[in-house]
Amino acid sequence: DFVNRSAPNVTKVLAVAAVDTLQWATEGSRAAFKIKWPNDIVSSGRKIGGILARAVPFNGRLEGIIVGIGINVNTPQSELDQIHRPVWPAGSVLSVSAAEEAIDVSSIRTRLSGNFAVEL
């Protein structure tokens, strides 16, 4: 069934959808978003977001998958620099794209949902 067929690829598909969405949101900038398998979104040597998935078993079979994504969108780099991460320091879409205005989170959310649905 759909859940069992999709389970192994959920985080990968969401990561691809996220990268496509962030490239769209920052079109015209020099930002380049990439996937650090299996569940991180990175750009310019910084971790921009992460994905977590959890299987939902019931009566010995897989009934569903809970998947979530967190993306640092408009957090200023000065705030992110206070987070001690020696490997893959934190970044945000705003900081790596050098955008002068806040990024529209609602449009990212809408586009990401659509991209994920199409890819899945």
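If you're wondering where the values come from, they're calculated on a predicted model, not measured in any experiment.
Of all the heavy atoms in G45 and P89, the pair that sits closest is O-CD, 3.4 Å. Minimum interatomic distance between S97 and A31 (heavy atoms only, all atoms of both residues): CA-CB, 3.9 Å. Counting all heavy atoms, side chain and backbone alike, I65 lies closest to A7 at CD1-CA, 3.2 Å.
Partners of K36 under the side chain to side chain donor-acceptor pair (under 3.5 Å) rule, at least two apart in sequence or in another chain, are D40. Remark: A98 engages no residue in a side chain to side chain contact (heavy atoms under 4.5 Å, CB included) (not counting sequence neighbours). Partners of V105 under the side chain to side chain contact (heavy atoms under 4.5 Å, CB included) rule, at least two apart in sequence or in another chain, are V73, N74, R109. In terms of the side chain to side chain contact (heavy atoms under 4.5 Å, CB included) criterion, residue partners of E63 (sequence neighbours excluded) are, by chain and number, F58, R61.
Counting only distance, with no hydrogens or angles, the side chain of S44 and the backbone of R46 share no donor-acceptor pair below 3.5 Å.
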Quiz: residues 76-85 side-chain donor-acceptor pairs under 3.5 angstrom, not counting sequence neighbours:
| unit_1 | atom_1 | unit_2 | atom_2 | d |
| --- | --- | --- | --- | --- |
| Q77 | OE1 | S95 | OG | 2.8 |
| Q77 | NE2 | D81 | OD1 | 2.8 |
| Q77 | NE2 | A90 | O | 3.1 |
| R85 | NE | W88 | O | 2.8 |
| R85 | NH2 | W88 | O | 3.3 |

Can you give me every donor-acceptor pair (side chain of residues 9-21, partner residue at least two apart or in another chain, under 3.5 Å) with its distance?
| unit_1 | atom_1 | unit_2 | atom_2 | d |
| --- | --- | --- | --- | --- |
| T21 | OG1 | A17 | O | 2.8 |
| T21 | OG1 | N115 | ND2 | 2.8 |

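Taken from CZ in R111 to CG in D104, the straight-line distance is 12.5 Å, to the nearest 0.5 Å. Between the CD atom of Q23 and the OG atom of S29 there is a distance of 7.5 Å, given to the nearest 0.5 Å.
Linking Ile, Leu, Val, Met, Phe, Trp and Tyr residues whenever their side-chain heavy atoms come within less than 4.5 Å leaves V67 and V118 in two separate clusters.
Residues I48 and I71 are in side-chain contact: their nearest non-hydrogen atoms beyond the backbone lie under 4.5 Å apart. Inter-residue side-chain proximity for I69 and F116 is flagged as unmet; no heavy-atom pair is nearer than 4.5 Å. Counting heavy atoms from C-beta outward, L94 and T75 have side chains that stay 4.5 Å or more apart. A 4.5 Å side-chain heavy-atom check between I108 and I103 finds at least one atom pair inside the cut-off.
Considering I41, N72, L22 as possible partners of V93, the one that fulfils the side chain to side chain contact (heavy atoms under 4.5 Å, CB included) test is L22.
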